[in-house]
Amino acid sequence: MSKLAAYSVNKSSPEYENYQFVLPALYREIAKEELREDDSVREQSLAEMRQWIVNNPHIRKCRTDAKFLLRFLRLQKFSVQMACEALERYLMMRETYPSWFQNLDASDPAMKELYLDGATSILGQDSAGRTVVFFRIARFVAEKVTPPQGGKFIALLLESMLEWEEVQIGGLQLMVDYTDMDMRIFEKWSSSELQLIMNAYSRLYPMRYNDTHAAKLPKKAIPLIEKLLSFTNPKIRERINCYATVAEMEKHFDPSIAPKGYGGAVDLDTLNQSMWARIEQQRDVVLGMDNMEVDLDHYAPIWDEMNATVPTGLSSA
């Protein structure tokens with residue numbers, strides 16, 4: 001592949017030339033049963049997608065390593081055409097809104113501080129292979145999650161986790177504790193900014209979302225949360241379960257990864273330190289994706305038309 005469009009994070013890596021599936025057997029089973037993935041399908045689909053990138057005159061630079069392309073193939077259950085369309089939308093998003101979705105730097109002290117404040121915790125994988133992300137909304141500090149910084153923080157987490165194949169295959173389960181939520185965390189956000197990030201997180205990032213369990217949502221916050229959810233993928237909304245008490249939500253934590261205070265023994269402060277170290281390991285890869293480039297003159301009208309056909313969001317995946 002000599003064209004600029006075809007570049008890899010590390011083309012000399014064996015992963016690029018000869019991909020190996022190295023995850024536990026559970027993920028091979030999930031990949032086969034839920035995503036239609038096996039060694040033959042994977043190899044053929046990667047070859048087709050790489051060739052499509054090379055032949056596309058409007059994609060100037062793009063990662064072509066297996067780990068990156070498999071994000072989109074797995075999301076679309078190995079429909080190459082749909083995966084290519086999802087990749088285009090993702091690249092358009094990144095270049096149309098660089099202040100939100102580029103320069104996602106794990107070495108930025110503000111990003112680290114946001115994570116170690118403890119509002120967001122990546123708990124690890126449950127027995128079903130899902131990666132569980134736990135939000136304690138009260139720990140978000142309003143002055144730290146203003147736009148675009150608050151949006152970039154979640155984008156950094158998504159990009160980093162998408163480098164982990166267990167996340168690509170098993171997807172995410174979200175747990176949300178709204179106890180003592182501070183409404184000021186949204187006061188500096190305009191409706192268009194909220195729409196931008198919710199569409200990006202739920203429609204444009206190639207993330208597989210499983211169910212969400214949430215508890216103690218204050219009545220005064222319901223209109224705002226309903227507005228946020230109106231911008232998300234409808235399939236995500238259908239998988240949200242809300243509870244009046246935290247105790248009801250706790251039942252849905254896998255015992256092996258349940259935090260202290262929520263029916264388990266996991267120390268979140270210790271876990272958050274180790275997970276942030278893992279995110280920092282992805283720094284160069286995540287920042288390197290800023291090298292990807294598309295022909296915005298070509299894609300701008302497509303982006304505008306796409307948005308105009310989706311009244312409650314930027315696009316649909």
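Atoms considered below: every heavy atom in the structure, side chains included; atoms not considered: hydrogens, waters and symmetry mates. This structure is a prediction, so every number in the text was calculated from the model and none was measured.
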Check: What's the verdict on side-chain contact (heavy atoms from CB on, under 4.5 Å) for Glu159 and Met289, showing C-alpha distance, side-chain angles and the deciding distance?
Finding: CA-CA 10 Å; Glu159 290 284 17; Met289 289 198 292; 3.1 Å; yes
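- Side-chain N/O atoms of Asn55 and Gln51 include a donor and acceptor closer than 3.5 Å.
- Side-chain contact between Glu34 and Lys77 is absent, with no heavy-atom pair separated by less than 4.5 Å.
- Centroid-to-centroid, the aromatic rings of Phe135 and Tyr178 stay 6.0 Å apart or farther.
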Note to self: For Tyr115 and Met275: C-alpha separation, side-chain torsions, deciding distance, then whether side-chain contact (heavy atoms from CB on, under 4.5 Å) applies.
What the structure shows: CA-CA 9 Å; Tyr115 193 76; Met275 277 297 181; 3.5 Å; yes
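- Listed by chain and residue number, nothing satisfies the ring pair (Phe, Tyr, Trp, His ring centres under 6.0 Å) test with Tyr27 (two or more places apart in sequence, or in another chain).
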Next item on the list: Using the side-chain contact (heavy atoms from CB on, under 4.5 Å) rule, take Arg208 and Gln168 through it: C-alpha gap first, then chi angles, then the decisive distance, then the call.
Entry: CA-CA 7 Å; Arg208 299 183 65 235; Gln168 295 180 11; over 6 Å; no
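- Residues Tyr201 and Thr232 form no side-chain contact, since every pair of their non-hydrogen atoms from C-beta on lies 4.5 Å or further apart.
- Under the 4.5 Å side-chain criterion, counting only non-hydrogen atoms from C-beta, Ile185 is in contact with Ile137.
- Within the 3.5 Å criterion, the main-chain N or O of Asp105 finds no donor-acceptor partner in the side chain of Arg283.
- Aromatic pair Tyr243/His252: ring centres closer than 6.0 Å.
- Of the charged side-chain nitrogens involved, none lies within less than 4.0 Å of a carboxylate oxygen, so that Asp177 and Arg136 do not count as a salt-bridged pair.
- Annotation for Gln44: atom CD does not count as buried by contact number, only 12 or fewer foreign heavy atoms lying within 6.0 Å.
- Judged as a ring pair (Phe, Tyr, Trp, His ring centres under 6.0 Å), and not counting sequence neighbours, the contacts of Tyr205 are Tyr90.
- With a 6.0 Å cutoff to the six-membered ring centre and a 45° limit on the axis angle, Arg239 does not count as a cation-pi contact of Tyr209.
- Between Val294 and Asn56, every side-chain heavy-atom pair lies at or beyond the 4.5 Å cut-off.
- Leu287 and Leu114 end up in different hydrophobic clusters when Ile, Leu, Val, Met, Phe, Trp and Tyr side chains are linked at under 4.5 Å.
- Two residues are said to be in side-chain contact when any heavy atoms from C-beta on lie closer than 4.5 Å; Gln173 and Thr212 fail this criterion.
- When the ring pair (Phe, Tyr, Trp, His ring centres under 6.0 Å) test is applied to Trp164, no partner is found at least two apart in sequence or on another chain.
- Annotation: side chain of Phe253 is not in contact with side chain of His213 (no heavy-atom distance under 4.5 Å).
- Side-chain contact of Lys227 with Ser191: a donor-acceptor pair under 3.5 Å is present, judged by distance alone.
- Tested against Glu163, the residues Arg278, Gln281, Lys67, Arg71 include a single side-chain hydrogen bond (donor to acceptor under 3.5 Å, both in side chains) partner, Arg71.
- Side-chain atoms of Trp189 come within 3.5 Å of backbone atoms of Val145 as a donor-acceptor pair (strictly under, hydrogens ignored).
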Check: Are Val167 and Met207 close enough, and set up right, to give a side-chain contact (heavy atoms from CB on, under 4.5 Å), and what steps lead you there?
Finding: CA-CA 8 Å; Val167 174; Met207 182 66 76; 3.5 Å; yes
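- Taking a cutoff of 4.0 Å between a charged side-chain nitrogen and a carboxylate oxygen, Asp254 and Arg130 do not qualify as a salt bridge.
- Looking at Ile169 and Arg74, their side chains come closer than 4.5 Å, going by heavy atoms from C-beta outward.
- Looking only at distances, no side-chain donor or acceptor of Asn199 sits under 3.5 Å from a matching main-chain atom of Arg203.
- Checked by atom type and distance alone, the side chain of Glu193 pairs as donor or acceptor with a backbone atom of Ser190 at under 3.5 Å.
- Residues Leu194 and Leu224 have side chains in contact (heavy-atom distance under 4.5 Å, counting atoms from C-beta outward).
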